[in-house]
Enquirer: 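Encoded as structure tokens, here's the structure I'll be asking about.
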Amino acid sequence: MRSLKLLASPKSAGKAIKFKGEEIPVETLGEDSFRGVDTALFSAGGNTSKAYAKHAVRAGAVVIDNSSAFRMEADVPLVVPEINPADIQTHRGIIANPNCTTIVALMALYPLHQTFWVKRVIASSYQAVSGAGAKAIRELSLQSESFFSGAPSSVEVFPHPIAFNVLPQVDVFLESGYTKEEVKFVNESRKIMHHPRLRASITCVRVPVFRAHSVAIHAEFQQPVSVDRARDVLAKFPGLELVDDPSSMTYPMPILASGKNNCQVGRVRVDSALDNGLAFWVCGDQLLKGAALNAVQIAELLAR
Ligand SMILES: NC(=O)c1ccc[n+]([C@@H]2O[C@H](COP(=O)([O-])OP(=O)(O)OC[C@H]3O[C@@H](n4cnc5c(N)ncnc54)[C@H](OP(=O)(O)O)[C@@H]3O)[C@@H](O)[C@H]2O)c1
């Protein structure tokens with residue numbers, strides 16, 4: 001019999017979540033939680049994944065992990081189903097869901113790579129607060145209310161106020177000066193696209209947007225590019241929608257991409273600072289395609 005089991009920390013035990021008309025109680029995660037489970041979707045942070053994924057695998061489940069705990073391990077496939085579905089076949093119990101910004105960016109970069117072969121990428125992200133979890137959504141709401149009422153506001157999740165501000169920091173800084181989020185983009189893009197020699201650099205920025213990440217991408221390709229050809233391959237790529245009509249000021253925006261399964265790409269133009277260069281702008285709901293939806297698509301691939 002197919003059934004759903006919901007696991008969380010002791011804080012949530014006793015709550016119930018409605019699924020297909022049925023109230024399903026939330027249980028506390030434990031080492032023995034996975035008996036009888038065939039697919040386990042983990043999304044509780046890297047430490048929880050590291051502590052419990054092995055128990056799930058031992059119980060016979062395939063783990064689809066949303067954290068960064070296993071993404072770069074050689075025997076763990078890192079999968080975006082529209083890009084590298086065949087990689088799931090190599091799994092040994094754990095399949096990793098890529099970083100949210102990386103998924104959104106690659107949904108537009110990969111079809112262009114298939115057509116023109118990408119050599120170099122320079123990008124900037126504009127990342128929604130929900131990418132940092134439920135507490136971060138509350139923080140932006142509370143800081144916005146305080147801003148208008150003049151009341152003092154507190155800063156807990158982010159290192160500085162996020163309301164009416166932008167933070168050029170997502171995750172912690174590394175010795176190189178890049179943040180961990182920026183390094184994830186480079187390493188994960190290479191792994192997913194099977195392109196170990198890709199040269200990439202990104203500045204990841206947190207913006208006061210509740211939902212949906214945006215990425216401005218400047219890419220240099222091996223082959224000569226054309227905007228018409230680029231638009232054509234982008235429009236045909238599954239899971240991606242071309243939203244690109246400068247004459248009517250039509251382009252992707254977080255408010256358009258929020259709640260949608262498809263990522264959206266627009267502002268496609270020749271990048272005049274690069275050889276065979278294209279510049280474009282992609283938005284995607286990072287809670288859906290950047291996390292939950294991608295994990296469910298992996299589960300569907302597995303089931304097939
Ligand atoms: N948000 C995104 O856009 C996004 C995108 C891609 C990947 N991710 C990754 O997904 C993971 C979760 O992120 P999130 O944004 O969903 O965070 P979140 O809003 O803080 O939710 C975390 C969830 O994990 C549960 N949890 C925490 N500690 C636990 C424990 N010890 N045992 C069992 N359950 C526990 C929490 O349950 P309680 O409420 O009961 O504590 C809650 O349901 C992270 O690894 C994050 O990097 C997030």
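These values consider heavy atoms only, across backbone and side chains, with no hydrogens, waters or symmetry-generated copies. Numbering starts at 1 and runs along the sequence shown. Indexing begins at 1, ligand by ligand and atom by atom, following the structure's order.
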Enquirer: Could you identify the single nearest non-hydrogen protein atom to atom 48 (C) of ligand 1 and state the distance to 0.1 Å?
Expert: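 Closest protein heavy atom to atom 48 (C) of ligand 1: Asn66 ND2, 4.2 Å.
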Enquirer: Under a 3.5 Å threshold, yes or no: a donor from one side chain and an acceptor from the other, between Tyr178 and Thr203?
Expert: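 No.
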Enquirer: Do you see a protein non-hydrogen atom under 4.0 Å from atom 36 (C) of ligand 1?
Expert: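 Looking at atom 36 (C) of ligand 1, one finds that no protein heavy atom lies closer than 4.0 Å.
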Enquirer: Hey, does Tyr110 have a side-chain heavy atom less than 4.5 Å from the side chain of Glu82?
Expert: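 Sidechains of Tyr110 and Glu82: no contact.
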Enquirer: Looking at ligand 1, does any of its N/O atoms fall within less than 3.5 Å of an N/O of Ser68?
Expert: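 For ligand 1, there is no N or O atom that lies under 3.5 Å from one belonging to Ser68.
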Enquirer: Please write down residue, atom name and distance for the protein heavy atom closest to atom 16 (O) of ligand 1.
Expert: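 Nearest protein contact, heavy atoms only, for atom 16 (O) of ligand 1 is Ser43 OG, 4.3 Å.
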Enquirer: Examine the side chains of Glu27 and Ser33 and answer whether a donor and an acceptor come within less than 3.5 Å of each other.
Expert: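 Note: Glu27 and Ser33 side chains miss the donor-acceptor criterion.
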Enquirer: Could you pull out, from Gly131, Ala51, Pro98, the option with a heavy atom nearest to atom 2 (C) of ligand 1?
Expert: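 Looking at heavy atoms only, Gly131 sits closest to atom 2 (C) of ligand 1.
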Enquirer: For atom 45 (O) of ligand 1, grab the closest protein heavy atom and report residue, atom and distance to one decimal in Å.
Expert: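 Nearest protein contact, heavy atoms only, for atom 45 (O) of ligand 1 is Gly45 CA, 3.2 Å.
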Enquirer: Would you mind finding which of Ala8, Ala292, Gly30, Ala44 brings a heavy atom closest to atom 27 (C) of ligand 1?
Expert: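 Ranked by closest heavy atom to atom 27 (C) of ligand 1, first place is Ala44.
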Enquirer: In terms of ring plane angle, is the pair His113 and His195 parallel, tilted or perpendicular, where the classes change at 30° and 60°?
Expert: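 Answer is parallel, since the angle falls under 30°.
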Enquirer: Need the ligand 1 atom indices (1-based, order shown) with element for anything under 4.0 Å from a heavy-atom of Ala291.
Expert: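 Those atoms are 5 (C), 6 (C).
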Enquirer: Please check if any side-chain donor atom of His91 sits under 3.5 Å from a side-chain acceptor atom of Asp75, or the reverse.
Expert: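 No - no donor-acceptor pair under 3.5 Å links their side chains.
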Enquirer: So, is Leu29 polar-close to ligand 1, with some N/O to N/O distance under 3.5 Å?
Expert: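 There is no such contact.
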Enquirer: Please determine which of Asn99, Thr102, Asp171 meets the side chain to side chain donor-acceptor pair (under 3.5 Å) test together with Lys184.
Expert: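 Only one option passes, and that is Asp171.
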Enquirer: Please walk me through it: do Phe34 and Phe42 pass ring pair (Phe, Tyr, Trp, His ring centres under 6.0 Å)?
Expert: CA-CA 12 Å; Phe34 302 98; Phe42 272 62; 5.6 Å; yes
Enquirer: Counting heavy atoms only, which of Ala13, Ser33, Ser130, Ala128 is nearest atom 1 (N) of ligand 1?
Expert: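 Closest candidate by heavy-atom distance is Ser130.
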Enquirer: For atom 6 (C) of ligand 1, find the nearest protein heavy atom and state the residue, atom name and distance (0.1 Å precision).
Expert: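 Answer, as residue, atom name and distance: Gly290 O, 3.4 Å.
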Enquirer: Which residue supplies the protein heavy atom nearest to atom 14 (P) of ligand 1, what is that atom called, and how far is it?
Expert: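 Ranking protein heavy atoms by distance from atom 14 (P) of ligand 1, first comes Gly133 CA, 4.1 Å.
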Enquirer: Check each heavy atom of Pro10 against ligand 1 and say whether those closer than 4.0 Å belong to the side chain, the backbone, both or neither.
Expert: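 Under 4.0 Å from ligand 1, Pro10 contributes no heavy atoms.
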Enquirer: Does the ring centre of Phe148 sit less than 6.0 Å away from the ring centre of Phe164?
Expert: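 They qualify: ring centres under 6.0 Å apart.
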Enquirer: Could you tell me whether the side chain of Asn84 and the main chain of Leu78 form a donor-acceptor pair under 3.5 Å?
Expert: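 Here the side-chain-to-backbone pair exists.
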Enquirer: Note the single closest protein heavy atom to atom 41 (O) of ligand 1, along with its residue, its atom name and the distance in Å.
Expert: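 In this structure, atom 41 (O) of ligand 1 has Ser9 OG, 2.7 Å as its nearest protein heavy atom.
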